[in-house]
Protein chains: 2
Amino acid sequence: MQIVIEHSRKDIHNSDIPVVCAACEARHGGVCGTLTPRQLTELSRHAARRRVEPGGEMIGQGEAANNYANIIRGVVKLSKMLSDGRQQIVGLQFAPDFMGRPFMRESALSAEAATDTDVCAFPRAVIERLVAEAPGLEHRLHQQALKELDEARDWMLTLGRKTAQEKVASFLYLIATHVDPENGVAKEFDLPLSRADIADYLGLTIETVSRQITKLRKEGVIRVDNSRRVSVPDSRRLMRHAGIDC
Amino acid sequence: MQIVIEHSRKDIHNSDIPVVCAACEARHGGVCGTLTPRQLTELSRHAARRRVEPGGEMIGQGEAANNYANIIRGVVKLSKMLSDGRQQIVGLQFAPDFMGRPFMRESALSAEAATDTDVCAFPRAVIERLVAEAPGLEHRLHQQALKELDEARDWMLTLGRKTAQEKVASFLYLIATHVDPENGVAKEFDLPLSRADIADYLGLTIETVSRQITKLRKEGVIRVDNSRRVSVPDSRRLMRHAGIDC
DNA sequence: CGCGGCTTTTGATCTTGATCAAATGATCGC
DNA sequence: GCGATCATTTGATCAAGATCAAAAGCCGCG
């Protein structure tokens with residue numbers, strides 16, 4: 001009994017938590033939040049911080065996925081490719097999302113950094129061992145899978161039924177709501193994706209994306225400082241252009 | 001100790017399993033497979049078989065989702081709608097899939113029977129109670145969520161980057177591989193969806209779907225006996241038309 | 001500064017799939 | 001079996017977005 005109390009006190013004072021973790025931005029948001037100090041130590045012993053440059057491939061389609069990771073900073077594109085090179089981005093992961101595929105040996109997607117990205121990576125065996133002993137961890141992973149499923153289905157509606165204009169507005173709205181998720185819709189932000197990436201996310205061509213951005217700018221829905229920096233004076237108006245009822 | 005042995009013997013002989021469950025086609029495939037006889041009894045006391053006709057709405061977009069269900073027979077469409085009526089089917093569920101959204105009070109989708117469908121429905125409170133006590137159950141639900149996520153992402157590639165021809169071929173291939181999942185690709189089958197539904201699944205119009213089916217028929221990739229019944233002499237050829245490398 | 005290699009924008013034209021319209025085919029009640 | 005109704009196919013035209021082409025910006029670097 002005394003040991004239990006001792007443990008919980010240590011948890012509160014963080015004295016048992018590995019130094020790297022105590023300072024980690026994803027400490028509470030990622031998978032780590034549900035772990036005990038003991039488990040966190042176990043995980044951190046096999047974990048490694050890595051920095052990835054924009055365009056850096058983290059895992060290729062069809063490759064063995066032996067690593068899992070928490071995104072500490074940056075945006076990662078998940079994409080699928082047809083044999084003739086046509087590409088579709090099927091998901092964007094923002095910090096502090098967890099990346100990786102529990103209980104599956106090979107990836108059907110490729111993951112590539114869109115921006116400068118920091119991840120905390122660890123081998124699949126470790127996370128699977130922890131899942132077996134920590135009941136809350138699988139719940140956390142399950143919740144993230146459901147969140148990603150919702151996002152994927154929202155995007156299917158965008159891909160299948162929206163016009164080019166609505167698609168581009170939907171993308172801008174998505175970014176505005178994700179750059180700083182705590183603070184609602186950002187008024188001004190940098191696009192983490194190039195025009196080519198945006199096109200691959202929206203199922204359009206670069207030219208169409210560019211034209212629609214120009215159109216939104218001319219209509220005063222957005223302001224474009226340079227090709228990456230965008231401001232949104234009225235997020236409601238952007239939503240309406242995105243076909244989102246508000 | 002004796003009690004445990006007694007229980008496992010009863011399980012083997014099914015004597016503790018509710019009559020409805022013992023005869024249930026989804027007994028092993030759905031959520032039920034991981035439950036103990038005791039839990040199965042608990043679940044079945046609150047469960048009700050329901051038959052739903054094609055077009056019957058099971059849960060509307062934005063409604064409270066107070067029921068969960070196993071699909072015993074049939075195909076269910078999950079769809080999303082824009083405020084102006086444009087619709088996108090974002091998933092098809094085949095028996096013995098589990099339907100419902102753990103830990104979320106309201107549905108962002110509507111679920112509607114595509115064919116004659118039998119479900120075994122039970123209140124959300126019961127399943128959530130069982131999840132808390134049966135560790136294997138959440139794992140099963142997690143696996144299904146990941147499977148649906150994979151399917152959603154595959155379909156995003158189809159929606160965003162494939163031609164109308166490839167989309168229709170992809171749909172036919174999907175159905176061929178799902179009508180009788182045990183036996184690989186079916187050579188002949190009934191389409192569970194109308195042309196309008198297929199269009200809503202593929203992000204196309206009814207007319208385009210019809211024209212592409214006609215085209216595939218004229219090219220000898222498929223045979224069409226009546227509008228619902230299709231045969232596929234060479235599944236590899238269908239795959240190639242679907243843009244799937246094989 | 002000015003050059004070479006990028007990404008992005010803009011322009012002209014073409015193609016795919018949408019739209020509008022009508023004919024054909026299936027199904028059901030009577 | 002016979003209309004009525006609904007689903008599907010087929011046809012003619014249109015338009016959104018793709019494609020092809022070139023110009024304009026935007027660096028980093030000598």
Side-chain angles (χ1 to χ4, degrees), chain A residues 53-55 77 82 84-88 114-116 158-172 190-219 222-230 241-243, chain B residues 53-55 77 82 84-88 112 114-116 158-172 190-219 222-230 241 243:
Chain A
E53 313 237 296
K77 308 174 286 181
L82 255 17
D84 63 2
R86 281 174 290 174
Q87 199 172 22
Q88 175 69 44
T115 64
D116 257 310
T158 300
L159 288 173
R161 289 306 189 193
K162 289 189 185 174
T163 64
Q165 170 94 207
E166 289 169 328
K167 284 181 177 182
V168 170
S170 297
F171 170 75
L172 294 172
D190 280 309
L191 297 176
L193 270 59
S194 69
R195 298 293 186 266
D197 285 339
I198 299 173
D200 280 344
Y201 196 27
L202 295 171
L204 297 171
T205 58
I206 301 176
E207 294 95 324
T208 299
V209 170
S210 177
R211 277 185 246 272
Q212 295 303 333
I213 288 180
T214 301
K215 195 144 166 271
L216 288 169
R217 178 170 54 70
K218 287 187 174 161
E219 288 170 349
I222 57 171
R223 242 163 43 81
V224 180
D225 295 323
N226 62 58
S227 68
R228 286 293 183 117
R229 187 138 196 99
V230 171
H241 279 263
Chain B
E53 313 236 296
K77 308 175 287 182
L82 253 19
D84 63 1
R86 282 174 289 174
Q87 199 172 22
Q88 176 68 46
E112 195 176 308
T115 63
D116 257 311
T158 300
L159 287 173
R161 288 306 187 193
K162 290 189 186 174
T163 64
Q165 170 93 209
E166 290 168 329
K167 284 181 176 181
V168 170
S170 296
F171 170 75
L172 294 172
D190 281 308
L191 297 176
L193 268 59
S194 69
R195 297 293 186 267
D197 286 338
I198 299 173
D200 280 343
Y201 196 28
L202 295 170
L204 297 171
T205 57
I206 302 175
E207 294 93 324
T208 300
V209 170
S210 177
R211 276 184 247 271
Q212 295 303 334
I213 288 180
T214 302
K215 195 144 166 271
L216 288 169
R217 177 171 54 70
K218 286 186 175 161
E219 287 170 349
I222 56 171
R223 244 163 42 82
V224 180
D225 294 324
N226 63 57
S227 68
R228 287 293 184 118
R229 187 137 196 100
V230 171
H241 279 262

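Only a predicted model underlies this, so the values are computations on that prediction, with no experimental measurement involved. A, B, ... follow the sequence lines: proteins, then strands. Residue 1 opens every chain.
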Kindly say whether [Y] contributes a backbone atom to a donor-acceptor pair with the side chain of [X] at under 3.5 angstrom?
{"X": "Ser170(A)", "Y": "Ala242(A)", "value": "yes"}
{"X": "Gln88(A)", "Y": "Asp200(A)", "value": "yes"}
{"X": "Arg217(A)", "Y": "Ile222(A)", "value": "no"}

From [options], nucleotide with atom closest to [X] side chain:
{"X": "Glu207(B)", "options": "dT19(C), dC20(D), dT8(D)", "value": "dT19(C)"}
{"X": "Arg195(B)", "options": "dG11(D), dG17(C), dT8(D)", "value": "dT8(D)"}
{"X": "Ser210(B)", "options": "dT9(D), dG17(D), dG17(C)", "value": "dT9(D)"}

Using a 4.0 Å heavy-atom cut-off, does Leu204(B) contact any base of the nucleic acid, only the sugar-phosphate backbone, or nothing at all?
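Since only primed, P, OP1 and OP2 atoms lie under 4.0 Å of Leu204(B), the category is sugar-phosphate.
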Comparing Gly203(A) and Asn226(A) on DNA chain D - which has the more 5′ nearest nucleotide
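Mapping each residue to its closest nucleotide by heavy atoms, the 5'-most match is Gly203(A).
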Starting at the 5' end of DNA chain D and moving along, which residue's nearest nucleotide shows up first, Ala164(A) or Asp225(A)?
Ala164(A)
Looking at the base of dT19(D), is there any donor atom on it, or on the side chain of Arg211(A), that sits under 3.5 Å from an acceptor on the other one?
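Per atom types, the contact qualifies.
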Does [X] make a side-chain N or O approach to OP1 or OP2 of [N] shorter than 4.0 Å?
{"X": "Thr208(A)", "N": "dA18(D)", "value": "yes"}
{"X": "Thr214(B)", "N": "dT10(D)", "value": "yes"}
{"X": "Thr205(A)", "N": "dA18(D)", "value": "yes"}

How long is the line joining [atom1] of [X] and [atom2] of [N], in whole Å?
{"X": "Lys215(B)", "N": "dG11(D)", "atom1": "NZ", "atom2": "C1'", "value": "17 Å"}
{"X": "Ile198(B)", "N": "dG17(C)", "atom1": "CD1", "atom2": "C1'", "value": "17 Å"}
{"X": "Ile206(A)", "N": "dA21(D)", "atom1": "CD1", "atom2": "P", "value": "16 Å"}

Do Phe171(A) and Leu193(A) have side chains that get closer than 4.5 Å, going by heavy atoms?
yes
